[in-house]
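Below, read A as the first sequence line, B as the second, and so on, with proteins coming before strands; counting in each chain starts at 1.
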Amino acid sequence: MHADLVEDGPYRFRIEPTGAMRVPGVLFASRELLAPAENAIEQVAHVAALPGVVEASYAMPDVHLGYGFPIGGVAATDPREGGVVSPGGVGFDISCGVRLLAADTDASGLAPALRDLMDGLDPVIPRGMGKGAVWHLPGRRDLTGILTGGARYAVEQGHGNERDLRRCEDAGAVADADPGQVSERAVERGARQVGSLGSGNHFLEVQRVAEVYDADAAGAFGLRPGQVCVMIHCGSRGLGHQICTDHVRAMEAAMPRHGIEVPDRQLACAPVDSAEGRAYLGAMAAAANYGRANRQLLTEAARRVFRRVAGARLDLVYDVSHNLAKLEEHVVDGEPRRLCVHRKGATRALPPGHPDLPPDLREAGQPVLIPGTMGTSSYVLTGVPGAPAFSSTCHGAGRVQSRHQAARGVGGRQLRAALEEQGIAVRPSSWRGLAEEAPDAYKDVSAVVEAAEGAGLCRKVARLVPLGVVKG
DNA sequence: ATGTTC
């Protein structure tokens, strides 16, 4: 256990400010969940040193080592006090996130068609490193609609419906995207990948609602026990990666000019109200829209297969990002302030009654979608009133082994056989990629969710189990 | 996460 960590409540630890830290560190977790994340705890303290940071540098129960910021980190800065935005606080996969679709059929009814369904999804869900996409776009002009319009643009082009957009964070498009801040190289990489899962922990899973903890909230979300669901986990692909690379470089060069020093060069940042800060936020918003359009197009690909093979419909439950910085209003020390909230491997979790929720979700709160490790449960949570960390919670299981370590363990073929033995159909894109996602490489997602709920960050609504996984 | 080290 980290020497400077003090237990401060249920599932709550604190690091008192020392050295360059401007605020404390606050970690929501059990000792067991923090034990494999020693190096990430150091990163929580580093983030607390950022100019303009307010309240605390927070860590969610799935915290682990990331680029500069920990994955599972939440930090807000006040632009009026020189607060910065840092690409490392969002991550390379800008707006990586999850969407959940609910089918109008139960698992028992779908069982005879499951194999055909998986075989139908296999060839139409592009995935793996660099390979294939639902849309192919020649270049910048064609990408502009996606970069500014996100899922809304995809729907306008005939890929989805208006109801989908009401069930997306920000109604499917982040405002203030600036395609002019997206480099030619980022556009080139992005143009070939619109509508693709990518690799790593990204997937499309066919799931069954195994358990409902809150029937009222589940009902509002359109979920019931036994129901079939589809969960899509993907991000902004090479476009987001290139944008992060470009803007980290620009901010590194500009930091001396802004008189900013940080404990780790991976925390490269610039004031929100500076040319570099605005440039990054404009490009980041464009990548966020790309990520949402990506998930919208994969939704349509899945819908076509479900209709054809099973005669089933898929309705959007919600689409939410796990990697984003947003300008939001929060009350700090009794004062409403406009803050730049970084969530990296963390989920916004709006409480019941929040004005940004669509009317049909307002009573229940925002659906929070938590993908589990391959072959294990995923969760649907919801926000709670008065939650700490700027209404944020966990985002997934959280790695404990590097990809390299994981690949030295169980082989991909062996892993697939074990999952098929459990009745889970697996359609991988590579054996190596599958091995890197072995469940042993992750924390127990149920323990993460228990800690998040126990710390008062969110409430459990439902647990989903996999029937079949299309693996990135 | 990522044309898995421009």
Quiz prompt | Whole angstrom value for the distance that separates C1' of B:dT2 from NZ of A:K131 | solution = 14 Å

Produce the list of close N/O pairs, under 3.5 Å, pairing protein atoms with atoms of nucleotides 4-6 of chain B; give distances to one decimal.
none

Practice problem: Please identify each residue that fulfils ring-ring contact (aromatic ring centres under 6.0 Å, His included) with A:F203, with sequence neighbours left out. | Solution: A:H233

Exercise. For A:E156, look at atom CD and say whether over 12 heavy atoms of other residues, nucleotides or ligands are found less than 6.0 Å away.
Key: yes

Quiz item: With a 4.0 Å cut-off on heavy atoms, is A:R189 in touch with a base, just the backbone sugar-phosphate, or nothing at all?
Solution: base

Practice problem: Look at A:R127 together with A:D122 and state whether they make a salt bridge at an N to O cut-off of under 4.0 Å. | Solution: yes

Exercise. Under 4.0 Å between any heavy atoms, over every strand shown, what does A:G235 touch: base, sugar-phosphate, or nothing? Just pick one.
Key: nothing

Self-check item: Pair A:R185 + A:D246: basic N to acidic O under 4.0 Å
Solution: no

Exercise. Answer with base, sugar-phosphate or nothing: what part of the nucleic acid does A:E188 contact at a heavy-atom distance below 4.0 Å?
Key: nothing

Self-check item: Check ion pair A:D356-A:K326 (N to O, under 4.0 angstrom)
Solution: no

Quiz item: How close or far is atom P of B:dT2 from atom CD1 of A:I71, stated in whole angstroms?
Solution: 12 Å

Quiz item: When all nucleic acid strands are considered with a 4.0 Å heavy-atom cut-off, which category describes A:G238: base, sugar-phosphate, or nothing?
Solution: sugar-phosphate

Exercise. Could I get the full list of ring-ring contact (aromatic ring centres under 6.0 Å, His included) partners for A:H395, not counting sequence neighbours?
Key: A:H322

Self-check item: Integer-rounded Å distance: B:dT2 P and A:R127 CZ
Solution: 14 Å

